[in-house]
Amino acid sequence: MSVPEHVLVIGAGLAGLRTVQGLRRAGYEGRLSLVGAEEHLPYDRPPLSKQYLAGEWDRSRIELASEDDLEELGVRTHLGRAAVALRPGEVELDDGATLHADAIVLAVGVTSRTLDGQPGSIHVLRSVDESDGLRDALADASSLLVVGAGFVGAEVASTAVDRGLAVTVVETAPVPMERLLGERGGTLVARLMTDAGIDLRTGVSVASLTATGAELSDGSTVSADETVVGIGGRLDLGWLEGSGPDLSGGIPCDERGRVEGLDGVWAVGDAAAWTDPRTGDRARLEHWTSAAEQAAAVAADIAGGDPPPATVPFFWSDQFGLKIQLIGRPGAADEVLTLHGDGLDGGAVKGTVLGYLRGDTLVAVAGFGAARLIARYRRPLSDGVDRAALLKFRDTLS
Ligand SMILES: Cc1cc2nc3c(=O)[nH]c(=O)nc-3n(C[C@H](O)[C@H](O)[C@H](O)COP(=O)(O)OP(=O)(O)OC[C@H]3O[C@@H](n4cnc5c(N)ncnc54)[C@H](O)[C@@H]3O)c2cc1C
């Protein structure tokens with residue numbers, strides 16, 4: 001593949017920005033364009049449910065690049081413009097303009113899922129504008145209902161409790177954050193929530209939602225001044241329909257981010273389903289670190305270099321005074337065991353580290369306020385150690 005003359009990146013979030021930065025770092029000297037549906041310059045999303053929502057960080061701290069930075073990189077920006085069609089070698093924007101390029105990178109992320117018939121006054125949280133709106137609303141509220149106890153819901157609940165609000169969390173699964181941490185890991189998050197005074201209602205769903213509360217599937221009701229729905233991300237790829245690939249599980253990519261069946265097109269970040277070189281499985285990871293790493297790999301690939309070696313997925317969440325960290329792919333596990341701490345036996349959650357095994361092989365490690373220990377498990381995890389080697393390694397750390 002020859003080095004392209006013009007690289008067009010669609011989506012000006014983390015993955016899009018890191019792609020253009022990575023291209024210049026890799027020595028790419030051709031034309032670069034960045035299209036973003038939001039009016040804003042690229043900004044960071046994790047603080048939107050944490051320090052920024054809490055009012056501890058101002059806007060400048062979440063900016064990922066200034067206009068000067070992008071000018072210095074020689075990037076032509078089209079902000080406030082959405083891509084509406086992809087054809088071979090070109091992308092059409094919502095103002096009717098068509099941009100031609102010999103390499104196109106799709107970095108479009110996901111949008112918030114909502115409940116059927118969700119009233120417009122109910123908050124969701126994906127963008128800085130939504131975080132601003134929620135922060136202002138919380139300032140005048142004394143109670144909050146959080147629908148969905150994924151990481152965004154859990155972090156919003158934690159921030160709201162810190163601000164003195166009475167918080168109710170409703171979750172359909174038996175425990176919070178089950179999708180990321182599994183049922184046993186989720187029980188520890190449930191403990192963090194109830195210890196913080198949250199009214200946690202699991203195993204129930206919302207039957208109806210109004211501006212002042214909800215009726216739940218078990219017949220109970222919750223009233224609240226404000227409500228946030230945090231039930232995960234939704235792919236918004238309608239504009240790519242008809243371009244070729246099956247987009248139901250995300251934009252399908254090989255292990256270098258090249259989109260299946262579309263020459264000269266790559267995909268990175270939350271919307272991209274990359275192939276895991278170890279297992280051959282395809283998965284989307286809505287993790288900050290994966291978005292940044294995929295962008296670096298695609299930039300190297302386009303610039304004609306060797307992509308950096310694949311790393312194990314990493315995710316973190318800050319809530320209830322703890323940093324929860326997860327490395328690996330816990331979804332593949334069929335067994336969870338305690339490696340450190342006694343949170344699962346009713347002891348302190350802080351310091352607990354869980355190992356996730358598939359058969360006899362370590363596939364993930366999760367830590368709750370145990371950053372030093374988690375860092376030590378990266379190597380055994382990428383080596384895919386077996387149970388005996390894992391326990392032997394664990395004993396060297398105790
Ligand atoms: C509140 C919140 C907290 C988070 N906290 C954590 C955390 O603690 N740890 C962690 O690992 N991850 C966290 N994440 C996830 C992390 O932020 C994402 O994985 C990361 O932002 C993904 O980057 P991205 O570039 O793929 O998508 P995004 O950052 O969503 O950027 C995609 C951009 O593309 C634009 N776009 C979409 N469609 C089009 C189109 N057709 N044309 C032009 N532009 C388009 C969108 O408007 C958006 O600006 C959090 C996410 C949120 C929302």
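Counting convention: from 1, in listed order, for ligands and their atoms alike.
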Note to self: If only side-chain N and O atoms count, and only distance matters, is there a donor-acceptor pair under 3.5 Å linking Ser127 with Asp129?
What the structure shows: no
Notebook entry, point to check: Considering Val108, Val128, Thr289, Val152, which one's heavy-atom position lies nearest to atom 36 (N) of ligand 1?
Noted result: Val108
Check: Which residue supplies the protein heavy atom nearest to atom 15 (C) of ligand 1, what is that atom called, and how far is it?
Finding: Glu286 O, 3.9 Å
Check: So, is Val268 polar-close to ligand 1, with some N/O to N/O distance under 3.5 Å?
Finding: no
Next item on the list: Verify the neighbour count for atom NZ of Lys50: are there more than 12 heavy atoms of other residues, nucleotides or ligands below 6.0 Å?
Entry: yes
Margin query: Return the closest protein heavy atom for atom 8 (O) of ligand 1 as residue, atom name and distance.
Written below: Lys50 NZ, 2.6 Å
Notebook entry, point to check: How far is atom 40 (C) of ligand 1 from its nearest protein heavy atom, and which residue and atom is that?
Noted result: Ala83 N, 3.6 Å
Note to self: Is it the case that atom CZ in Arg358 sees more than 12 heavy atoms from other parts of the structure closer than 6.0 Å?
What the structure shows: no
Item checked: Protein heavy atom at shortest distance from atom 26 (O) of ligand 1 -> Asp270 N, 2.9 Å
Item checked: Residue pairs passing the side-chain hydrogen bond (donor to acceptor under 3.5 Å, both in side chains) test where at least one lies in residues 170-191, sequence neighbours excluded -> none
Margin query: Only heavy atoms of Ile10, strictly under 4.0 Å: list the atoms of ligand 1 that pass.
Written below: 42 (N), 43 (C)
Note to self: Any nitrogen or oxygen of Ser317 lying under 3.5 Å from a nitrogen or oxygen in ligand 1? Just yes or no.
What the structure shows: no
Next item on the list: Provide, to 0.1 Å, the distance between atom 50 (C) of ligand 1 and the closest protein heavy atom, together with that atom's residue and name.
Entry: Phe151 CE1, 3.6 Å
Note to self: Within the 4.0 Å heavy-atom shell around His287, which atoms of ligand 1 are there?
What the structure shows: 11 (O), 19 (O)
Next item on the list: Please identify which atoms of ligand 1 are closer than 4.0 Å to at least one heavy atom of Ala107.
Entry: 32 (C), 33 (C), 34 (O)
Check: Which one of Trp316, Trp239, Trp288 has a non-hydrogen atom at the shortest distance from atom 9 (N) of ligand 1?
Finding: Trp316
Notebook entry, point to check: Have Ser248 and Asp246 got a donor and an acceptor in their side chains that come within less than 3.5 Å?
Noted result: yes
Notebook entry, point to check: Got a salt bridge between Arg135 and Asp132, using NZ or NE/NH1/NH2 to carboxylate O under 4.0 Å?
Noted result: yes
Tell me which donor-acceptor pairs under 3.5 Å the side chains of residues 75-87 have, and how far apart each pair is, sequence neighbours excluded?
from	atom 1	to	atom 2	distance (Å)
Arg81	NE	Asp94	OD1	2.7
Arg81	NH2	Asp94	OD1	3.4
Arg87	NE	Glu90	OE2	2.7
Arg87	NH1	Glu92	OE1	3.1
Arg87	NH2	Glu90	OE2	3.2
Arg87	NH2	Glu92	OE1	3.1

Next item on the list: Check ligand 1 against Arg81 and write out every atom of the ligand that is under 4.0 Å from a heavy-atom position of the residue.
Entry: 43 (C)
Next item on the list: From atom 48 (C) of ligand 1, work out which of His40, Glu130, Arg45 has a heavy atom at the shortest distance.
Entry: Arg45
Margin query: Would you say Val108 ends up clustered with Leu93 if hydrophobic residues are merged whenever their side chains have heavy atoms under 4.5 Å apart, either directly or through other cluster members?
Written below: yes
Notebook entry, point to check: Does Arg258 reach the main-chain N or O of Val265 with its side chain, forming a donor-acceptor pair under 3.5 Å?
Noted result: no
Margin query: Considering non-hydrogen atoms of the protein only, which is the closest contact for atom 10 (C) of ligand 1, and what is the distance?
Written below: Phe315 CE1, 3.4 Å
Check: Are the charged groups of Arg284 and Glu286 less than 4.0 angstrom apart, N to O?
Finding: yes
Margin query: Please list the nearest protein heavy atom to atom 45 (C) of ligand 1 with its residue and the distance rounded to 0.1 Å.
Written below: Ala37 CB, 3.7 Å
Notebook entry, point to check: Against heavy atoms of Gly269, which atoms of ligand 1 measure under 4.0 Å?
Noted result: 26 (O)
Note to self: To check your reading of the model: name the closest protein heavy atom to atom 3 (C) of ligand 1, its residue, and the distance in Å.
What the structure shows: Ser49 OG, 3.4 Å
Notebook entry, point to check: Which class fits the ring pair Phe314 and Trp316: parallel under 30°, tilted 30 to 60°, perpendicular over 60°?
Noted result: parallel
Check: Which atoms of ligand 1 are found less than 4.0 Å from any heavy atom of Glu155?
Finding: 8 (O)
Check: Does one side chain, of Tyr377 or Arg379, offer a donor that lies under 3.5 Å from an acceptor on the other?
Finding: no
